[in-house]
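What follows is a single structure, written as structure tokens, with notes after it.
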Amino acid sequence: MKWAYLYTGGVKMKLTYLGHSAFEILINDSKILIDPFLICYPNYDYSGTTSIFLTHGHGDHLGSAIEISKRTGAKITAIYELANYCSSQKSNAEGIGLGNWLEYSWGKVIFLPAFHSSSLPDGEYMGCPAGILFDIEGKKIFHAGDTCLNSEMKVLKEIFKPDIAILPIGGTFTMDVEQASIAADWIGAKTVIPMHYNTFDAISADVNKFAKLIADQDKHAEIMSVKNSIDI
Ligand code: NI
Ligand code: MN
């Protein structure tokens, strides 16, 4: 019942954790993937995917996006340079910039700043990294991508008021547990989902400590294991 307060009635959606920073959102007939790097869930069935959103070009986020797009026809939406690369690999991709609402049958999406880098393994520049805010039936889910703590998160709270914040906590390349708990406070979402930790040794994190720091703010940390789904 803890999710009941998030349920706006009418349309129900399901959020599934695919490991690392990868998530699936099911809403009506749409199957939306975010950063589909599937090392934790290699036999994931991506058939029927309708949209793929990428926060940046690093391999642990681009993941299987191009292959999935080619096999399903799903459109990849990403920052301009990254989308151009996906198009050059013969996948279906749309290039966008930060700050513009994109409209879909199921809601709208806006790409927002992340503080990180974005390149291919050979160093080719893939544009700026992003966080992605989904507004689906009025439910606002923010996927932060890879980022450090930054004051844009206060603007996020002021302007967009996310209900759910999905935050990297693994350190080394992103915020660590303490910084991510400050981010949760700044973003203001009542539900916080940790990601981008324990996939590799370099990003090992104490997720229980994170959950306690979130609970201390009277928020709920939803610690999802791979393949785990929640109704929202
Ligand atoms: Ni990265
Ligand atoms: Mn990463």
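Computed from a predicted model, the values in this text were never measured in an experiment. Indexing begins at 1, ligand by ligand and atom by atom, following the structure's order.
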Between His58 and His116, how do the two ring planes meet: parallel, tilted or perpendicular, split at 30° and 60°?
-> perpendicular
Parallel, tilted or perpendicular for Phe53 and Trp106, by the 30°/60° rule?
-> perpendicular
The Ni ion (ligand 1) - closest N/O/S atom in His58 | ND1
Nearest to the Ni ion (ligand 1), which N, O or S atom of Asp146 do we find?
-> OD2
Assess whether atom [atom1] of [X] is packed by more than 12 heavy atoms of other residues, nucleotides or ligands within 6.0 Å.
X      : atom1 : answer
Lys209 : NZ    : no
Phe173 : CZ    : no
Asp201 : CG    : no

Search all heavy atoms of His56 against all heavy atoms of Asp146 and return the closest pair with its distance.
-> NE2-OD2, 3.2 Å
Taking the six-membered ring for Trp and the single ring otherwise, decide whether the centroids of His20 and Tyr41 are under 6.0 Å apart.
-> no
Assess His56: does it contribute an N, O or S atom lying under 2.8 Å from the Ni ion (ligand 1)?
-> yes
So the protein N/O/S atoms within less than 2.8 Å of the Mn ion (ligand 2) come down to Asp60 OD2, His61 NE2, Asp146 OD2, His196 NE2
